[in-house]
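Each remark here refers to the structure printed beneath this line.
What's counted below: heavy atoms across the whole structure, side chains too, no hydrogens, waters or symmetry copies.
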2 protein chains.
Amino acid sequence: MSHMRYSCLMAVDPDHVLRTAAALLTRKATATMDEVAKAAGISRATLHRHFAGRDALVRALESLGIAECEAALDAARLDEGPARDAVHRLVREIESAAALLAFLYTENQLFEGEQQNAGWARIDERIAALFRRGQQSGEFRIDLSPVWLTEALYGLLASGAWAVSEGRVARNDFTYMIAELLLGGALRHPAQPREES
Amino acid sequence: MSHMRYSCLMAVDPDHVLRTAAALLTRKATATMDEVAKAAGISRATLHRHFAGRDALVRALESLGIAECEAALDAARLDEGPARDAVHRLVREIESAAALLAFLYTENQLFEGEQQNAGWARIDERIAALFRRGQQSGEFRIDLSPVWLTEALYGLLASGAWAVSEGRVARNDFTYMIAELLLGGALRHPAQPREES
DNA sequence: CCAGGGTGAGACAATCATGTCTCACATGCG
DNA sequence: CGCATGTGAGACATGATTGTCTCACCCTGG
């Protein structure tokens, strides 16, 4: 790491810094600005030139997470086709951002009093709308509220990301595990759970 | 403040302190020793008399969490009857400890290098054994590993506890939501998902 | 070649949480 | 009543992190 070729550019790539910070903070949520800087291969001074402080860094990470989430939501085309297929697409598209989301999901507990970033509310609503659509079309059961299904998706994404990062489950299984558990649950159903679209 | 009525007892109840600390740290994982003390209605000096430091406090919380978990596992009688019913009992019994577990679940990310408390490994194994039993009896699908189902249960407990504490879902629905989603998933199954034991 | 922007390294003060200590006070008990 | 125990309040030093600053360096472009 950090031996990228900046031979011709002196400018630091803020996006690279953010992604490195996300990877580090996902594993160690209390990492120091110094640790973040070292992980990104830059000095603390430069890190502080790009992000005024730790708050600004976390806010930038939040913006990145929101942007990646919305990109995943767009790419998943949630309002097309069967809802269950849309859930599969959503999990697949959001997989690359799962670690970042896991970090932000726990970090959000810190923003207790403050105003929730409006971006999260919109993302929540888009995901909840998908579950609502599935309920209205008869695909999804109606005794689990869309809000809870949305929260459960976040929780599964977070535990999946952690389990992968700790090597407890294979990275390749990430999408399948989460989508299948969220959709079909642990029970073995008499009617095969895959073909009913 | 600090005019609480200790009229007859001068001794602080360490268990009460621990539970108050758990409730606070669940909402604000970075709460100060001073905040924890104030939340428990005692002074920082007294808090420090009972728990040598923040580490000791977290360790005590971990021990409490492990104890409550094992108590829940015992009460749920995981090896009796259909595995699906055992999962329901487990979630019901563990509900009261869910907030504490949610805190410890994220806090564990900090204990990266250190040796994992052996208690968690035993709890993990007991839960995984339940899912394994369900798979061998044909109740549970075999394409989701017991390890992942265990992690997923932790994730759902954590998101459920947070969703309840933020008022996004009703506390009364906690057990049902988690157990039903974990077992049956979001899909509406043609064969009724309840009667197959 | 030379000027300028961007960076790394380090010094520095300020802030915060922590851990320890002392002292005064209240309560229970002999 | 007098003592012991446990507590609250606060002072204090320490360490860690942060935010800011300066200076030297390297690279690029004119």
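Closest contact between the side chain of B:Thr32 and the listed nucleotides D:dG8, C:dG8, C:dT18 involves C:dT18.
Comparing B:His50 and A:Arg49 by the nucleotide of DNA chain D whose heavy atom lies nearest to each, the residue mapping closer to the 5' end is B:His50. Each of A:Asp34 and A:Ala45 has a nearest nucleotide on DNA chain D; the 5'-most of these lies closest to A:Asp34.
Whole-Å rounding puts the B:His48 NE2 to D:dA13 C1' distance at 14 Å. Rounded to an integer number of Å, the gap from CZ of B:Arg44 to P of C:dC16 is 14 Å. Atom P of nucleotide C:dA17 and atom NZ of B:Lys28 are separated by 8 Å, given to the nearest angstrom. Between B:Lys38 atom NZ and C:dA17 atom P there is a gap of 11 Å when expressed in whole angstrom units. Summarising the geometry, the separation between CG on A:Asp55 and P on D:dT17 is reported as 16 Å, rounded to the nearest angstrom. At whole-Å resolution of the value, CG in A:Leu47 and C1' in D:dT18 are 12 Å apart. What separates CE of B:Met33 from P of C:dC16 is a distance of 19 Å, to the nearest Å. Here the C1' atom of nucleotide D:dT18 and the CD atom of A:Glu35 are 14 Å apart, to the nearest Å.
Put simply, A:Thr46 has no side-chain N or O that comes within less than 4.0 Å of OP1 or OP2 on C:dT7.
Residues B:Arg19 and B:Asp15 are paired through a salt bridge, judged by an N-O separation under 4.0 Å between the basic side chain and the carboxylate. In this structure, B:Lys38 pairs ionically with B:Asp34, as a charged nitrogen and a carboxylate oxygen lie closer than 4.0 Å.
Residue B:Arg77 places its CZ atom among more than 12 non-hydrogen atoms of other residues, nucleotides or ligands, all under 6.0 Å distant.
A donor atom on one side chain and an acceptor atom on the other are not found under 3.5 Å apart for A:Glu151 and B:Ser159.
No hydrogens or angles were tested; on distance alone, nothing pairs the side chain of A:Arg54 with the base of D:dG19 as donor and acceptor under 3.5 Å.
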